[in-house]
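Heavy atoms only: backbone and side chains are in, while hydrogens, waters and symmetry mates are out.
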Amino acid sequence: MTFSGGAPPAVDLLTETELLYREIAGELALAMRGVRQGDLKEAKVAAQAVKDLRAAFQMVMDERTRVEKLRKQVAGVVGTGELDFDAARAEIGRRLARLRDAGTGG
C-alpha cells in the first residue's frame, strides 16, 4: 500500500509484526505444554514468550492505528481537494441579491 505514489515499502511492517506474533504464540504454546508435563525450566521460557507476545501485540496495534490515521488523512485530502465553482457562484449571487434587497428596502 502506498499513499505518496512512490515505490511500495520494502517491508510490510504490519504483516511482519503479525508473523512475529504468531511465531511467539507458538513458542508459548510449546513452553506451556512442557510446563504441563512437569518441565519447570520451560516456565522461564513461557514467561519470556508472554512478554514477547505482549510487545508484538502492542506493535501490531500501534501500526494499525498509524495506518488508519494515515488512511483518514489521505481520504480527507482527497475529499476536500476540489472546489465546486458552480455552487460558489450561486452562493455569491444569493448574497449579492440579499444585499441589493436590503439596500433598496426590499
* Tell me, do Lys41 and Asp39 make a side-chain contact under 4.5 Å, heavy atoms counted? -> yes
* Asked: Got a sec, which residues hit salt bridge (Lys or Arg N to Asp or Glu O under 4.0 Å) with Glu91, two or more places apart in sequence or on another chain?
  -> Arg94, Arg95
* Rounded to the nearest 0.5 Å, what separation is found between the CD atom of Glu63 and the CD atom of Glu16? -> 11.5 Å
* State which residues pass salt bridge (Lys or Arg N to Asp or Glu O under 4.0 Å) with Arg54; sequence neighbours excluded, sorted by chain then number. => none
* Under a 4.5 Å side-chain heavy-atom rule over Ile, Leu, Val, Met, Phe, Trp and Tyr, are Met32 and Leu30 clustered together? -> no
* Set of side-chain hydrogen bond (donor to acceptor under 3.5 Å, both in side chains) partners for Arg33, sequence neighbours left out -> none
* Asked: Can you list the residues that meet the side-chain hydrogen bond (donor to acceptor under 3.5 Å, both in side chains) rule with Gln58, with sequence neighbours excluded?
  -> Asp62
* **Ionic contact status for Arg64 with Glu18, cut-off 4.0 Å** => yes
* Determine, step by step, whether Arg98 and Asp101 satisfy the salt bridge (Lys or Arg N to Asp or Glu O under 4.0 Å) criterion, reporting the C-alpha distance in whole Å, the side-chain angles of both residues, the deciding distance to 0.1 Å, and the verdict. => CA-CA 5 Å; Arg98 280 191 221 131; Asp101 291 345; over 6 Å; no
* Name all residues meeting the side-chain hydrogen bond (donor to acceptor under 3.5 Å, both in side chains) criterion together with Glu68; count only those two or more places apart in sequence or in a different chain, and write none if there are none. => Arg71
* If you round to the nearest 0.5 Å, how far is OG1 of Thr65 from NZ of Lys69? -> 10.0 Å
* To do: Please name all residues satisfying side-chain contact (heavy atoms from CB on, under 4.5 Å) with Gln48, sequence neighbours left out, ordered by chain then number.
  => Lys51, Asp52
* Does some side-chain heavy atom of Arg89 sit less than 4.5 Å from a side-chain heavy atom of Asp86? -> yes
